[in-house]
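Just follow the structure's listing: the first ligand is 1, and inside any ligand the first atom is 1.
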Amino acid sequence: MKTKLFVAFLLILLVRILTPDLMIDLQNKKLEDAVMLSKKYSFKLDINYIYSDQEEDIVINQSLKKGNKLNKNSLVKIDVSKGIDYKKYNVNEMGNVPIMMYHGIVNILDNETVTKTGNVDKDGYHRTKESFIRDLEFFYQNGYRMIKLNDYVDGKIKTPLGKSPIVLTFDDGLVNNINILGEENGDLIIDPNSAIGILESFKKKYPDYNVTATFFLNGSLFRQLNYNDKILKWLIKNGYDIGNHTYSHLALDTLDIELVKEEVTRVYDILNDSIPNKYVNIVSLPFGRPYNVEHPNFNGIINTKAALRVGWSSEVSPFNISFNPMYIKRIRAYDNNGKDFDIKQNFDLLENSRYISDGNIEKIVIKKEDMKYLKNTNINVFAY
Ligand SMILES: [Zn+2]
């Protein structure tokens with residue numbers, strides 16, 4: 001009797017040693033690997049495909065609990081990702097992108113202005129600090145996340161899934177864009193009421209806002225002789241960008257072509273001294289002129305990959321066949337009771353037409369009906 005028991009014990013031990021360990025974890029494995037394992041260890045898979053924010057064909061749920069052992073022919077239920085439910089997020093990478101045009105940010109309240117709105121001046125080129133903060137809060141709460149103008153032009157929109165890109169620009173290099181109060185241990189002390197001071201506070205408040213902006217400068221840069229060079233370096237180091245607004249802010253369509261070239265080249269050369277390697281290559285046209293891209297003076301905007309107008313509305317997706325980087329429209333950041341293309345009107349219009357990201361820079365996701373607007377591209381396209 002004892003011998004029989006002993007033999008049985010030995011047999012069990014032998015089986016145990018010869019049987020492979022079947023405590024298999026399929027979670028986060030690729031479907032093809034899960035199938036391979038099921039064949040190798042002869043268990044059955046019951047596959048259920050569901051939408052998820054995970055990559056396609058990844059096992060996202062399994063009926064197998066930790067510690068459960070598999071026997072031959074056991075059935076394991078798995079949920080496999082069929083990718084993102086683009087419809088749910090209304091992904092639309094053929095949608096429009098707002099490129100905001102600001103000039104000065106003035107440290108006063110709305111009710112201290114002549115207009116009693118966020119406009120400091122009648123035409124709304126300068127904005128109160130109060131309204132600028134309101135704008136930034138509004139953009140964030142409405143699902144907009146900032147991107148670099150450069151990345152928009154290059155079609156490298158890194159906005160997370162379900163969010164919309166927005167670009168901020170500032171023209172004329174006004175002191176109130178970044179007002180330097182002094183230096184402390186080699187660091188610039190930035191006026192918290194200047195545009196950069198306010199943007200930096202939003203960077204802290206909403207780390208996922210991706211705070212950035214492009215400052216378009218004339219020959220006087222930021223009009224702070226002792227700090228201009230340091231400001232330029234600080235801005236680049238801290239995620240902001242610089243653009244060229246020409247040397248003396250003349251209407252380019254009124255100049256002869258040689259003068260146009262000089263107006264543009266001089267600023268590029270000055271900027272190249274502080275931030276080298278031709279880092280800057282975008283121009284914002286003074287007064288938005290020439291008004292027509294066919295104008296011969298466009299040939300004078302040399303070494304330039306994009307040019308900005310003084311616009312009135314949002315711009316098309318960079319993947320749109322009609323996208324012209326040399327003639328980009330901007331939204332004037334001003335208030336006018338929802339009329340004449342002010343901020344409110346533009347963002348109301350964008351509700352039905354805005355760019356909504358798939359969160360994947362290597363894929364363009366658009367609606368089927370928009371296929372006809374798609375330009376030639378090397379990027380993978382998915383239409384739904
Ligand atoms: Zn200007």
### Query
Considering all heavy atoms of both residues, which atom of K363 and which atom of I379 are nearest to each other, and what is their separation?
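Heavy atoms of K363 and I379 come nearest at N-CG2, 3.8 Å.
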### Query
Cation over ring, R332 on Y125, under 6.0 Å and within 45°?
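R332 over Y125 ring: yes.
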### Task
Would you kindly check if the NZ (Lys) or CZ (Arg) of K375 is within the cone defined by 45 degrees around the ring axis of F319 and under 6.0 Å from the six-membered ring centre?
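K375 over F319 ring: no.
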#### Entry: salt_bridge(E200, K203) N-O dist < 4.0 Å
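Result for this pair is yes, salt bridge flagged.
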#### Entry: Check ion pair K158-D151 (N to O, under 4.0 angstrom)
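Judged by the 4.0 Å cut-off on N to carboxylate O distance, K158 and D151 do form a salt bridge.
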### Query
Same cluster or not: are Y89 and I364 linked, directly or through other Ile, Leu, Val, Met, Phe, Trp or Tyr residues, by side-chain heavy atoms under 4.5 angstrom apart?
no
### Tally of protein N, O or S atoms, where distance to the Zn ion (ligand 1) is under 2.8 Å
3
